[in-house]
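Start at 1 and go down the list; that is how both ligands and their atoms are numbered.
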Amino acid sequence: MQTVTLNNGVQMPILGFGVYQIPADRTERAVTQALAAGYRLLDTAAAYGNEEAVGDAIKNSGVRREDLFVTTKLWVQDAPAQDNTRRALEASLAKLGLDHVDLYLMHQPYGDVYGQWRAMETAQAEGLTRAIGVANFHPDRLLDLIFNNDTAPQVNQIETHPFFQRDLDHALMREHRVQHQAWGGFAEGKNDLFTHPVLGKVGEAHGKSVAQVVLRWLIQRDIVTIPKSVSPDRMAQNIDVFDFRLTDDQMAGIAALDTGTTLFFDHHDPEMVAWLSKRRIDN
Ligand code: NAP
């Protein structure tokens with residue numbers, strides 16, 4: 001598997017498996033199938049409610065721990081954030097059955113971000129996580145975090161797909177050596193992505209599906225991607241993207257699909273800020 005090197009030297013697979021919206025009672029099977037298909041990066045979160053099932057699949061897989069790259073995410077914490085972040089990470093590790101994760105992400109740019117970040121720095125120094133990062137940080141929040149803390153995030157996981165390509169975010173992250181990771185790489189199928197004529201035509205030229213074209217396009221932009229699927233056929237398809245290359249013209253054709261706006265929600269939207277900031281999960 002092709003990897004990227006994070007700003008602290010940790011190697012991360014460029015393609016992995018996401019488990020958002022997989023019900024807890026289906027997750028162990030899905031992760032078992034994904035590991036059998038060759039995925040080694042698993043992306044879960046405390047908020048997904050399926051860390052235990054991911055842990056069960058890992059335990060029963062026989063895959064060596066050092067061959068896996070496991071990401072989980074911290075939900076927004078009440079004060080004192082440093083104590084609560086530590087407690088939340090320990091709860092996630094217990095559910096996963098692991099003594100460390102490979103990447104711990106702050107799931108939302110809300111709450112006592114600084115307290116949460118400092119607790120994450122401490123956890124990293126103590127070996128509870130090999131890398132730390134953030135998710136859903138727009139450039140203003142990301143720069144503020146970088147300029148006012150000792151550690152720059154290793155990763156920022158943000159909505160990124162052909163209809164919302166994040167060129168400005170990408171350039172900024174490159175400048176500050178923060179690895180861009182895409183969530184919702186398929187836009188969860190919105191805008192009829194899987195039957196989009198431009199993407200379909202590129203696929204035909206390579207004998208590949210639209211899904212494979214999208215993943216290849218992300219990889220060629222050096223973006224780590226974590227497609228989700230509960231179908232073994234699609235899991236196999238989604239990892240089979242390392243034997244072809246999009247041409248400059250094809251990359252440019254896909255670049256033209258950018259609408260520059262979210263298909264989900266805007267993290268600046270006051271209603272969403274209120275909803276996400278008030279949401280608490282049990283960990
Ligand atoms: P996604 O990967 O963009 O899309 C998943 C959808 O695409 C599912 O409906 C899946 O259906 C379908 N699909 C997968 N492969 C396909 C293929 N080859 N052909 C046709 N359809 C296919 O959506 P996502 O799950 O939202 O994003 C991926 C991961 O990013 C998540 O699982 C999660 O780990 C992470 N994420 C993070 C955040 C955050 O705030 N940090 C937010 C959202 C997601 P089937 O399952 O039926 O195949």
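The shortest separation from a heavy atom of Y48 to ligand 1 is under 4.0 Å, placing the residue in contact. Using a non-hydrogen distance threshold of 4.0 Å, H107 registers as a contact of ligand 1. For the pair A187 and ligand 1, a heavy-atom separation below 4.0 Å is found.
Of the options Q165, R221, H180, a side chain to side chain donor-acceptor pair (under 3.5 Å) to T160 is made by H180 and by none of the others.
Ring centroid separation for the pair F194 and H196 does not come in under the 6.0 Å cut-off. Aromatic ring centroids of W75 and Y48 lie 6.0 Å or more apart.
At a 3.5 angstrom cut-off on N or O pairs, G184 counts as close to ligand 1. Between A211 and ligand 1, a contact under 3.5 Å exists for no N or O pair. For the pair Q108 and ligand 1, the shortest N or O to N or O distance does not fall below 3.5 Å. By the 3.5 Å distance cut-off applied to N or O atoms, F186 is counted among the residues near ligand 1. Polar contact with ligand 1: absent for K73 (N/O pair, distance under 3.5 Å).
Under 4.0 Å from ligand 1, the heavy atoms of V19 that appear belong solely to its backbone. Of the heavy atoms in S229, both backbone and side-chain atoms come closer than 4.0 Å to ligand 1.
Summary of contacts: the protein heavy atom closest to atom 31 (C) of ligand 1 is Y20 CB, 3.4 Å. Looking from atom 41 (N) of ligand 1 to the surrounding protein, the closest heavy atom is Q157 OE1, 2.8 Å. Here the heavy atom of the protein found nearest to atom 12 (C) of ligand 1 is F194 CZ, 4.0 Å. Protein heavy atom nearest atom 47 (O) of ligand 1, with residue, atom name and distance: R234 NH2, 2.8 Å. Among all non-hydrogen protein atoms, the one lying nearest atom 15 (N) of ligand 1 is N238 ND2, 3.0 Å. Ranking the protein heavy atoms by distance from atom 34 (O) of ligand 1 puts D43 OD1, 2.6 Å first. Nearest non-hydrogen protein atom to atom 5 (C) of ligand 1 is K228 O, 3.6 Å. Scanning the protein for heavy atoms near atom 42 (C) of ligand 1, the closest one is W183 CD2, 3.2 Å.
Close approach of ligand 1 to N136 (heavy-atom distance below 4.0 Å) involves ligand atoms 39 (C), 40 (O), 41 (N). Interface atoms of ligand 1 facing A135, defined by a heavy-atom separation under 4.0 Å, are 41 (N). With ligand atoms numbered from 1 in the order given, ligand 1 contributes 17 (C), 18 (N) to contacts under 4.0 Å with heavy atoms of Q237.
Residue D243 places its CG atom among more than 12 non-hydrogen atoms of other residues, nucleotides or ligands, all under 6.0 Å distant. Taking a 6.0 Å sphere around CD of E66, one finds it holds more than 12 heavy atoms contributed by other residues, nucleotides or ligands.
To the nearest 0.5 angstrom, Q33 atom CD is 13.5 Å from S61 atom OG. Atom-to-atom distance recorded for Q212:CD and L199:CG is 12.5 Å, nearest 0.5 angstrom.
Under the 3.5 Å distance criterion, the side-chain polar atoms of N50 are matched with a main-chain donor or acceptor of V19. In this structure a side-chain-to-backbone donor-acceptor pair under 3.5 Å is missing from R130 to L103. Formation of a donor-acceptor pair under 3.5 Å by the E126 side chain with backbone atoms of A123 is not found in this model. The closest donor-acceptor contact from the side chain of E51 to the backbone of K95 lies at 3.5 Å or more, if one exists at all. With N136 contributing its side chain and H107 its backbone, the two residues share a donor-acceptor pair below 3.5 Å.
Of the candidates E188, M106, E159, the one placing a heavy atom closest to atom 26 (O) of ligand 1 is E188.
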**Request:** Any chance you could lay out the salt bridge (charged side-chain N to carboxylate O under 4.0 Å, His left out) test for K190 and E188, step after step, and finish with the verdict?
**Result:** CA-CA 6 Å; K190 288 178 196 286; E188 293 181 8; 5.2 Å; no
